[in-house]
Amino acid sequence: MDTTARIIEKRDLTDVTKLFVVHAPLVARNAAPGQFVILRVTETGERIPISITDFSRAQGTITIVVQAVGRTSALVCDLEVGDVFLDFAGPLGLEVPLPDEGHAVLIGGGFGTGAVFPLARALRARGVRVSSIVGARTRELVILDDLLATESDEVHVCTNDGSLGYRGFVTGRLEELLDEGAGFTHCFAVGPMPMMRAVAGTTLRRGLPAMVSLDPLMVDGTGMCGGCRVSVGGKSLFACVHGPFFDAHEVDFDEADARLTTYKEQEDLACEMAGLGR
Amino acid sequence: MPIVYPHKTEMPCRDPEERRRSWDEVAEGYTMERAIAEARRCLNCQDPVCEQGCPVNVPIRDFVRHVALGDFEGAAATIRRRNLLPAICGRVCPVEHQCESRCVLFPRQDPVGIGRLERFVADWERKNGNGGETSAPELWRDQKIAIVGSGPAGLTVASDLAQLGYPVTIFEALHAFGGVLRYGIPQYRLPKEIVDEDVAHLTALGVEFVRNVIIGKTVTIDQVLDELGYSAVFVGTGAGSPIFMNVPGENLKGIYSANEFLTRVNLMRAYSFPEYDTPIQRPRRAAVIGAGDTAMDAVRCSIRLGADEAHIVYRRSEQEKGARAEDFERARDEGVIFDWLTLPKRFIGDENGWVRGLECIRTELGEPDESGRRRPVPVPGSEFTMETDLVVIALGTNPNPLVPQTTYGLEIDGHGCIVADPKTGATSRPGVYAGGDIVTGAATVILAMGAGRKAATAMHEY
Ligand SMILES: Cc1cc2nc3c(=O)[nH]c(=O)nc-3n(C[C@H](O)[C@H](O)[C@H](O)COP(=O)(O)OP(=O)(O)OC[C@H]3O[C@@H](n4cnc5c(N)ncnc54)[C@H](O)[C@@H]3O)c2cc1C
Ligand SMILES: Cc1cc2nc3c(=O)[nH]c(=O)nc-3n(C[C@H](O)[C@H](O)[C@H](O)COP(=O)(O)OP(=O)(O)OC[C@H]3O[C@@H](n4cnc5c(N)ncnc54)[C@H](O)[C@@H]3O)c2cc1C
Ligand code: SF4
Ligand code: SF4
Ligand code: FES
């Protein structure tokens with residue numbers, strides 16, 4: 001059985017963020033919104049989880065967006081069209097539960113802008129109205145707002161420095177829209193942990209149900225190691241099999257943040273050795 | 001008048017001081033002379049009761065007789081008739097509960113060192129023999145067989161059915177094959193080259209190995225049967241889901257399940273960081289909770305990762321421990337400190353979220369509980385705190401729920417195990433068989449192989 005995962009298209013979204021379309025029919029076959037893959041690029045390499053940004057069963061493709069933040073993600077970003085992933089396993093995690101009616105607001109930051117795309121498409125197919133909010137530090141780092149626009153009724157861009165769209169954080173824009181009377185019934189957010197924490201805070205205050213996709217450190221991604229455990233509603237759950245989407249208002253973000261820094265020293269060393277300044 | 005040697009012939013081991021910092025194999029194995037001497041202790045019993053203690057019925061008496069005569073090739077061929085992974089079993093079988101416990105020499109003398117001899121013969125064959133020469137059948141049958149999981153159960157079914165001429169595919173969720181043999185049991189106890197050789201051997205038999213396929217996610221069992229064209233499926237997915245204690249502080253940094261700790265070490269080779277990319281916490285004072293094989297593996301790995309002090313913390317006493325005798329003794333020789341009758345109550349962290357201590361309470365043994373072992377009862381007022389910067393929780397595992405959750409019509413028991421006929425491995429779903437830890441809960445390598453053997457026979461008849 002052929003499990004080769006070959007890159008058939010690559011796009012530079014920013015200097016450090018790349019989009020890959022990967023031919024991996026076996027992974028595309030059962031893929032659903034909210035799921036991720038685990039991949040490896042060298043024989044001595046780490047297994048890293050990456051969200052599925054798009055999938056096509058007909059074409060047998062999986063699209064991923066990778067941001068170079070350390071050794072393995074940098075190696076991935078260096079791959080070119082025609083290269084194959086050493087390992088490409090998935091789809092992993094649960095399909096995110098989506099509503100059948102109402103008005104959803106999707107919030108994406110960094111690679112998360114890609115990761116909310118399959119949600120947008122599935123929501124629209126169910127007849128749910130979709131508003132998207134995309135955030136970045138500055139204009140050059142805004143990615144995939146065009147892709148998201150194809151499956152959204154409206155897209156709001158935010159930059160911290162005001163170089164494009166709304167000036168400020170995604171949560172600032174969310175508050176503004178709510179104040180203007182946007183009738184959101186659901187919120188889904190994917191992005192850096194501080195952004196998701198802020199979204200959790202805002203939506204809790206405004207009484208809007210919200211789900212976030214947690215990205216703890218993982219090893220196997222199959223529920224075998226428990227390294228990805230997160231506290232949700234006072235219970236310890238494995239993000240790779242019970243998530244990665246969880247009720248934002250139940251997540252213990254302090255704990256999740258702390259656990260992400262477990263290997264800080266080693267990661268810095270690995271980056272230094274690979275000549276990646278950080 | 002034959003001379004009686006009451007003790008097993010010693011197996012040379014590397015010095016504990018040296019091996020505390022080395023991942024090389026600890027036991028060096030018998031020399032030819034020692035193997036022959038040990039084999040001569042066997043009485044060649046008319047009724048070899050030892051064989052009833054082996055879940056795959058290795059013809060123990062006959063192979064030992066070949067060794068006694070110096071015919072190692074004959075010995076190897078005899079073992080191979082029943083056991084395709086002798087180099088592994090000879091190293092990891094808990095012989096004191098299996099074959100050796102039945103040997104007639106015991107308990108007046110030490111039993112014959114069956115495990116050590118099996119290891120010797122298998123290693124001799126790896127070096128000198130043809131590895132039990134086999135090649136792919138010339139003619140394949142029409143019915144394709146799918147196997148889920150490449151642990152000892154799956155490997156056994158694959159070997160048996162491939163030899164009968166069935167095209168066999170093994171689907172493995174991880175990027176390497178062998179199950180616990182690969183990610184759980186450490187290099188110093190079972191060199192990974194042996195697992196590689198056994199996988200290569202099966203590949204030569206024509207077995208197809210497919211990695212990175214998570215059955216239940218990538219494809220479901222229903223799809224394997226209905227869409228991918230397989231006639232029957234064997235599920236050998238093991239008991240891979242770690243059990244935590246549910247006490248305060250358990251998610252502090254520096255606290256691992258044994259599965260995570262051992263997977264980082266064995267599968268990902270984190271001990272070679274930064275040559276390998278996967279990191280692991282380097283401990284000074286390690287505490288491992290539990291006293292089974294997994295706990296011994298974790299505590300000995302923590303020493304090899306640099307711990308100055310390594311503790312086993314267990315709420316019952318030494319008698320109730322689950323670990324193999326040999327590994328327990330080796331852990332002790334390597335300087336492990338055993339805190340018996342000690343129950344951890346909570347973990348204490350520092351301001352950055354790192355574990356710094358383990359609050360424990362002493363216990364006494366009371367009346368026997370459901371498991372037949374005496375129940376540990378906390379002694380009031382005996383609380384104390386143990387300083388630690390690495391904790392490994394080795395309290396066992398539950399069956400991996402992925403396949404049970406996603407397969408239509410598969411009966412599951414209250415523990416999450418797949419219900420299968422112990423004689424045939426047949427499940428409630430026609431064409432789907434199961435065996436190994438996914439059926440029995442965490443058990444042993446050779447029991448998983450025994451279950452695989454029975455299922456293979458039944459699948460052949462199906
Ligand atoms: C379910 C899930 C989905 C993900 N989806 C994507 C995706 O679509 N695109 C993408 O680029 N990344 C995604 N990630 C994050 C990605 O897995 C990490 O960035 C990657 O593992 C980093 O590995 P590295 O060796 O490059 O960096 P490392 O050297 O391991 O780490 C570099 C820096 O990144 C931080 N870091 C490491 N892991 C994570 C993490 N999981 N989350 C946040 N910060 C982290 C470290 O603290 C460190 O500061 C996802 C993670 C999860 C769990
Ligand atoms: C640390 C440790 C030490 C041990 N030491 C000993 C010892 O010394 N002696 C002894 O006899 N026993 C020992 N055991 C027990 C023994 O290893 C197990 O009983 C045995 O490996 C069970 O075999 P299995 O084939 O049922 O499953 P496993 O060996 O667990 O293999 C199951 C395989 O299935 C794969 N899998 C799981 N789900 C899926 C899926 N959905 N799709 C595809 N693949 C999947 C897993 O990745 C794994 O590779 C030890 C166990 C551990 C954890
Ligand atoms: S396979 Fe294990 S139980 Fe059987 S004879 Fe060999 S060592 Fe003993
Ligand atoms: S029971 Fe002991 S002495 Fe008898 S055949 Fe078996 S190993 Fe030899
Ligand atoms: S990554 Fe190992 S259990 Fe989730």
Side-chain angles (χ1 to χ4, degrees), chain A residues 1-3 5 26-27 29-30 35 37-40 42-48 70-72 75 85-93 217 219-231 235-236 238 241 252 254-263 265-267 269-270 272-274, chain B residues 169 171 173-176 183 208 210-214 216-220 223 227-228 237-238 240-244 246 250-264 267-270 272-282 349 352-354 393 397-398 400-402 405:
Chain A
M1 178 162 305
D2 191 11
T3 52
L26 208 55
V27 182
R29 187 184 185 111
N30 288 338
Q35 292 188 300
V37 296
I38 289 231
L39 55 84
R40 220 162 61 106
T42 63
E43 277 299 343
T44 55
E46 217 176 340
R47 297 166 63 92
I48 66 163
R71 175 158 166 79
T72 310
L75 286 171
F85 286 96
L86 181 60
D87 297 290
F88 197 83
L92 296 165
L217 303 176
V219 183
D220 56 300
T222 65
M224 182 266 271
C225 78
C228 63
R229 61 196 188 278
V230 288
S231 291
K235 277 211 299 226
S236 192
F238 296 176
V241 288
D252 181 341
D254 287 335
E255 181 189 284
D257 265 341
R259 287 184 62 79
L260 261 187
T261 63
T262 303
Y263 302 106
E265 278 173 39
Q266 287 101 319
E267 288 160 358
L269 175 69
E272 218 173 277
M273 291 184 29
Chain B
T169 307
F171 295 104
L174 296 173
H175 63 261
Y183 72 72
E208 182 188 22
V210 181
R211 60 192 197 172
N212 298 325
V213 172
I214 305 98
K217 288 284 168 190
T218 313
V219 283
T220 61
Q223 290 172 327
E227 295 170 27
L228 300 183
T237 48
S241 182
I243 296 175
F244 285 91
N246 288 320
E250 198 162 23
N251 292 355
L252 287 164
K253 290 184 284 182
I255 303 180
Y256 294 84
S257 75
N259 269 7
E260 181 184 2
F261 186 71
L262 292 169
T263 300
R264 283 181 182 271
L267 177 68
M268 307 308 295
R269 306 229 168 184
S272 298
F273 182 89
E275 186 195 329
Y276 281 71
D277 295 344
T278 303
I280 195 159
Q281 168 73 4
R282 295 272 174 177
N352 295 319
W354 285 100
I393 300 169
T397 48
N398 283 324
N400 191 319
L402 271 184
Q405 272 169 7

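Side chains are part of it too, since the values below use all heavy atoms of this structure and drop only hydrogens, waters and symmetry mates. Proteins come first, then strands; the chains are lettered A, B, ... in the order of their sequence lines, and each starts at number 1.
Contact tally against chain B (heavy-atom pairs below 4.5 Å) for A:Glu255, A:Arg229, A:Arg40: the top residue is A:Arg229. Contacts with chain B were tallied for A:Leu86, A:Thr42, A:Asp220, A:Thr72; A:Leu86 has the most, counting heavy-atom pairs under 4.5 Å. Interface summary for chain B: among A:Thr3, A:Leu26, A:Leu92, A:Val27, the most heavy-atom pairs under 4.5 angstrom belong to A:Leu26. With respect to chain A, the highest number of heavy-atom pairs below 4.5 Å among B:Gln281, B:Glu275, B:Met268, B:Arg269 belongs to B:Met268.
Only the side chain of B:Gln223 comes within contact range of chain A, with at least one heavy atom under 4.5 Å from a heavy atom of that chain. Neither the backbone nor the side chain of B:Ile393 has a heavy atom closer than 4.5 Å to any heavy atom of chain A. In this structure, chain B has heavy atoms under 4.5 Å from both the backbone and the side chain of A:Arg259. Using a 4.5 Å cut-off between heavy atoms, B:Arg264 touches chain A through its side chain atoms alone. For a residue to count as touching a neighbouring chain, one of its non-hydrogen atoms must lie under 4.5 Å from one of that chain's; by this rule A:Phe238 touches chain B with the side chain only. Looking at B:Val210, only its side chain comes within 4.5 Å of chain A, counting heavy atoms on both sides. For B:Phe171, the part sitting under 4.5 Å from any heavy atom of chain A is the side chain, from C-beta outward, and nothing else. Only the side chain of B:Leu402 has a heavy atom closer than 4.5 Å to any heavy atom of chain A.
Under the 3.5 Å distance criterion, the side-chain polar atoms of B:Asn400 are left unmatched by any main-chain donor or acceptor of B:Ser241. Using modelled atom types, no side-chain atom of B:Thr397 and backbone atom of B:Gly240 make a donor-acceptor pair closer than 3.5 Å. At distances below 3.5 Å, at least one donor-acceptor pair connects side-chain atoms of B:Lys253 with backbone N or O atoms of B:Asn352.
Relative ring orientation between A:Tyr263 and B:Tyr256 is described as tilted, the plane-to-plane angle lying within the 30° to 60° band.
Rounded to the nearest 0.5 Å, atoms CD (B:Glu260) and CG (A:Leu217) are 8.5 Å apart.
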After noting the C-alpha distance and the side-chain angles of A:Gln266 and B:Ile280, does the key distance pass the side-chain contact (heavy atoms from CB on, under 4.5 Å) rule? CA-CA 8 Å; A:Gln266 287 101 319; B:Ile280 195 159; 5.9 Å; no

I'd like to know whether B:Arg282 forms a salt bridge (charged side-chain N to carboxylate O under 4.0 Å, His left out) with A:Glu265, so could you lay out the CA-CA distance, the side-chain angles of the two residues, the decisive distance to 0.1 Å, and finally the verdict. CA-CA 11 Å; B:Arg282 295 272 174 177; A:Glu265 278 173 39; over 6 Å; no

